[in-house]
There are 2 protein chains.
Amino acid sequence: MTARARRTVGLRHTDPSDVSLQEALEALADPVRRSILRVLAGEPDFARACGAFDLPVSKATASHHFSVLRASGLLEQIDQGPRRLNRLRRAEFDARFPGLLALVLTEDEPTKTAS
Amino acid sequence: MTARARRTVGLRHTDPSDVSLQEALEALADPVRRSILRVLAGEPDFARACGAFDLPVSKATASHHFSVLRASGLLEQIDQGPRRLNRLRRAEFDARFPGLLALVLTEDEPTKTAS
DNA sequence: ATCGGTGTTCGACGGTGGTCGAACACCGAT
DNA sequence: ATCGGTGTTCGACCACCGTCGAACACCGAT
């Protein structure tokens with residue numbers, strides 16, 4: 001923990017070692033959630049807030065997805081002022097499910113086909 | 001292919017290299033399907049027919065699950081007389097999604113908690 | 001104290017997927 | 001040709017999940 005003003009709030013953070021394969025697969029089976037993880041993988045920890053993801057869903061839905069990722073041990077979040085910063089729990093999750101996160105991060109982003 | 005009487009029928013077999021991560025994760029996100037894969041992993045290829053799995057679902061539902069597994073590149077099936085024999089496409093699928101199948105096969109079977 | 005910005009929560013809605021029984025198709029053997 | 005066994009297909013049902021707008025809570029700054 002740095003000297004910066006960061007509050008680790010009472011958020012329901014599930015430890016990856018407590019996550020079942022069922023939960024992990026369900027969490028990763030959503031394309032929006034996987035895209036969140038890929039963005040986080042390309043940046044320093046806690047560099048991006050929830051609102052800064054340019055997701056194709058509403059605020060409410062995005063919030064739901066972050067909640068799922070947190071509950072499945074994939075995300076750690078801390079509050080800094082009004083925004084909530086995110087960190088990909090890369091090492092911990094990979095220790096629990098070796099190779100799984102790597103598959104998600106190396107996935108070639110499927111481009112939207114115009115209807 | 002051995003000299004035994006086996007017919008490789010015109011079943012919709014998807015090659016693992018044509019399977020997206022999305023499809024793979026959706027296929028593996030069901031516990032019944034994962035249990036099928038684990039059983040197959042513990043036996044020789046084409047040793048077990050669809051009806052010999054002791055699944056907690058009806059015949060119709062089981063058939064649906066086998067169809068999904070076949071369509072996601074996880075299963076190969078051949079017809080032998082009236083029954084349909086199954087093979088886990090272990091190497092091919094692992095080449096497409098390294099480590100993913102291993103996670104499923106090493107999963108500790110979650111026991112049903114009595115309600 | 002008020003305001004703009006950020007994120008969550010609350011119903012509600014709709015689509016999808018797992019489930020089933022029943023009917024059907026296929027095979028081998030009698 | 002009929003029968004039992006195996007597996008698929010067809011509707012239908014239902015629960016769950018992703019989705020949304022609206023309302024709310026929180027923070028920092030004005």
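In the text below, chain A, chain B and the rest are named by the order of the sequence lines, each starting its count at 1.
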Nearest-neighbour nucleotide for the B:R70 side chain, C:dT19, D:dT8, D:dT19 considered: D:dT8
Out of C:dT19, C:dG7, D:dC20, whichever nucleotide has its closest atom nearest the side chain of B:H65: C:dT19
Around atom CZ of B:R83, are there more than 12 heavy atoms of other residues, nucleotides or ligands at under 6.0 Å? no
How close do B:R34 and B:L28 get, counting heavy atoms only, and between which atoms? NH1-O, 2.7 Å
Whole-Å distance, B:R33 CZ to C:dG17 C1', equals 9 Å
Heavy-atom closest contact (A:R38 atom, A:E107 atom, distance): NH1-OE1, 2.6 Å
Any side-chain N or O of B:R84 under 4.0 Å from OP1/OP2 of C:dC27? no
Atom CG of A:D79 to atom P of D:dG28: distance rounded to whole Å? 10 Å
Of the listed nucleotides (C:dT19, D:dG18, D:dG7), which one gets closest to any side-chain atom of B:S63? D:dG7
Pairs under 3.5 Å (Watson-Crick or G-U), crossing ones as [ ], inter-strand ones as |: DNA chain C comes out as ||||||||||||||||||||||||||||||
By nearest atom, which of the nucleotides C:dT19, D:dT19, C:dG18 is closest to the A:H64 side chain? D:dT19
B:E26 CD to C:dG15 P, in whole Å, measures 18 Å
d(CG, A:N86; P, C:dT6) in whole Å: 14 Å
From the options D:dG7, D:dT8, C:dG28, select the nucleotide whose nearest atom is closest to the side chain of B:P82. C:dG28
Short side-chain N/O contact from A:T61 to OP1 or OP2 of D:dT19, under 4.0 Å: no
Take a 6.0 Å sphere around CG of B:D15 and say whether it holds more than 12 heavy atoms from other residues, nucleotides or ligands. yes
Could you check how far CG of B:L75 sits from C1' of D:dG7, rounded to whole Å? 14 Å
Are A:V39 and A:L85 connected into the same hydrophobic cluster when the rule is that any two of I, L, V, M, F, W, Y join if their side-chain heavy atoms are below 4.5 Å apart? no
B:R83 side-chain proximity, nearest of D:dT9, D:dT6, D:dG18: D:dT6
So what does B:A62 touch, heavy atoms closer than 4.0 Å: a base, only the sugar-phosphate, or nothing? nothing
Taking CZ from B:R34 and C1' from C:dG18, how many angstroms apart are they, rounded to a whole number? 14 Å
Options C:dT6, D:dG7, C:dT8, nucleotide nearest the side-chain atoms of B:C50: D:dG7
What integer distance in Å separates A:L28:CG from D:dG18:P? 12 Å
Closest listed nucleotide, where the reference is the side chain of B:A60 and the choices are D:dG18, D:dG7, C:dC20: C:dC20
Taking all heavy atoms of B:N86 and all of B:A49, pick out the closest pair and write down the distance. ND2-C, 3.7 Å
Out of C:dG18, D:dA23, D:dT19, which nucleotide sits closest to the side chain of A:K59? D:dA23
side-chain hydrogen bond (donor to acceptor under 3.5 Å, both in side chains) involving B:R89 - partner list, sequence neighbours excluded: B:E92
Rounded to whole Å, how long is the line connecting atom CD1 of A:I36 with atom C1' of C:dG7? 13 Å
Find out if a path of hydrophobic residues (ILVMFWY) with successive side-chain heavy-atom gaps under 4.5 Å connects B:V104 to B:L74. yes
